[in-house]
Student: 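Take a look at this one; I'll ask things after.
Residue numbers count from 1 along this sequence. For the numbers below, each heavy atom of this structure counts, side chains included, while hydrogens, waters and symmetry mates do not.
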Amino acid sequence: VQLQASGGGSVQAGGSLRLSCAASGRIFTSDVMVWFRQAPGKEREFVAGIRWIGGRTSYLDSVRGRFTISKNNAKKTVYLEMNGLKPEDTAVYYCAAGSRVAISSSEYLYWGQGTEVTVSS
């Protein structure tokens, strides 16, 4: 399984970005796709997750209502629509695949390379 994340960039507070994570290989052997982020000097933290089958979603409390995770099974792609961005959302965002949604990064075997998001005030 290979994951390719894209869509990061620099925006002002209140702006929007859409991240994409394109998967190749036997991605459907993994049940869920998630987004994590890591800010400078901080631990990698869970942001959002979605199940390939059924589409059930989970979110970090601080992004719920602002971020939306979605998927396109035919394209093997997962998206993270980020609205109302805040400076504290600044981080490198990573997509990952695993067997269940969990907040610990150690649960995930497959990772994308990361895409940087910078939000200025």
Student: Could you measure the distance from the CZ atom of Arg18 to the CG atom of Asn83? Nearest 0.5 Å is fine.
Tutor: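 These two atoms lie 11.0 Å from each other.
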Student: Out of curiosity, Trp35 CH2 to Phe67 CZ, how far, rounded to the nearest 0.5 Å?
Tutor: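 Rounded to the nearest 0.5 Å, the CH2-CZ separation comes out at 11.0 Å.
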Student: Would Leu60 and Arg37 count as a side chain to side chain contact (heavy atoms under 4.5 Å, CB included) if you check the C-alpha gap in whole Å, the side-chain angles of each, and the deciding distance to 0.1 Å?
Tutor: CA-CA 11 Å; Leu60 176 69; Arg37 67 185 181 187; 3.7 Å; yes
Student: Identify which one of Val101, Ile50, Val32, Val47 satisfies the side chain to side chain contact (heavy atoms under 4.5 Å, CB included) criterion when paired with Ser58.
Tutor: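 One option only clears the test, and that one is Val101.
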Student: Apply the test side chain to side chain contact (heavy atoms under 4.5 Å, CB included) to residues Val34 and Tyr94: give CA-CA distance (whole Å), side-chain angles for both, the deciding distance (0.1 Å), then the verdict.
Tutor: CA-CA 8 Å; Val34 298; Tyr94 299 89; over 6 Å; no
Student: Can Trp111 be reached from Leu109 by stepping across I, L, V, M, F, W or Y side chains whose heavy atoms are under 4.5 Å apart?
Tutor: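 Looking at the clustering, Trp111 is in a separate group from Leu109.
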Student: Keeping the roles fixed (side chain from Lys71, backbone from Trp52), state whether a donor-acceptor pair exists under 3.5 Å.
Tutor: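 Yes; judged by distance alone, with no hydrogens or angles, the pair exists.
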Student: Could I get the full list of side-chain contact (heavy atoms from CB on, under 4.5 Å) partners for Ser104, not counting sequence neighbours?
Tutor: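 Per chain and number, Ser104 pairs via side-chain contact (heavy atoms from CB on, under 4.5 Å) with Ser106, Glu107.
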Student: Mind checking the OH-CE spacing from Tyr108 to Met33? Nearest 0.5 Å is all I need.
Tutor: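 Rounded to the nearest 0.5 Å, the OH-CE separation comes to 10.5 Å.
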Student: Answer yes or no: is there a donor N or O on one side and an acceptor on the other, between the side chain of Tyr59 and the main chain of Ile69, under 3.5 Å?
Tutor: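 Yes, the answer is positive, given that a donor and an acceptor are paired below the 3.5 Å cut-off.
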Student: Identify the two heavy atoms, one from Ala91 and one from Ala39, that lie closest to each other, and give their separation to 0.1 Å.
Tutor: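 For Ala91 and Ala39, the tightest heavy-atom pair comes out as CB-N, 3.7 Å.
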Student: Over all heavy atoms of both residues, which pair between Ser20 and Thr77 is shortest? Give the atoms and the distance, please.
Tutor: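 Closest heavy-atom pair between Ser20 and Thr77: CB-CG2, 4.4 Å.
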Student: Find the distance between CG (Asp31) and CZ (Arg100) and round it off to the nearest 0.5 Å.
Tutor: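 Here the rounded value is 11.5 Å.
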Student: Going from NZ on Lys76 to CZ on Arg26, what distance comes out if it is rounded to the nearest 0.5 angstrom?
Tutor: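 Rounded to the nearest 0.5 Å, the NZ-CZ separation comes to 10.5 Å.
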Student: Check whether any side-chain heavy atom of Tyr79 lies under 4.5 Å from a side-chain heavy atom of Asn72, and answer yes or no.
Tutor: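 They are in contact (side-chain heavy atoms under 4.5 Å apart), so the answer is yes.
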Student: Among all residues two or more places apart in sequence or in another chain, which pass the side-chain contact (heavy atoms from CB on, under 4.5 Å) test with Val117?
Tutor: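 Applying side-chain contact (heavy atoms from CB on, under 4.5 Å) to Val117 gives Leu17, Leu19, Met82, Tyr93, Val119.
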Student: Look at the side-chain heavy atoms of Ile, Leu, Val, Met, Phe, Trp and Tyr, link any pair under 4.5 Å apart, and say whether Val92 and Tyr110 land in one connected group.
Tutor: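 No.
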Student: Rounded to the nearest 0.5 Å, what's the gap from CD on Gln113 to OG on Ser6? Could you check?
Tutor: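 The distance works out to 8.0 Å.
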Student: May I ask you to decide if Gly84's main-chain N or O and Arg66's side chain share a donor-acceptor pair within less than 3.5 Å?
Tutor: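 Checked: pair present.
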Student: Can you tell whether the side chains of Asp89 and Lys86 come within less than 4.0 Å, N to carboxylate O?
Tutor: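 Judged by the 4.0 Å cut-off on N to carboxylate O distance, Asp89 and Lys86 do not form a salt bridge.
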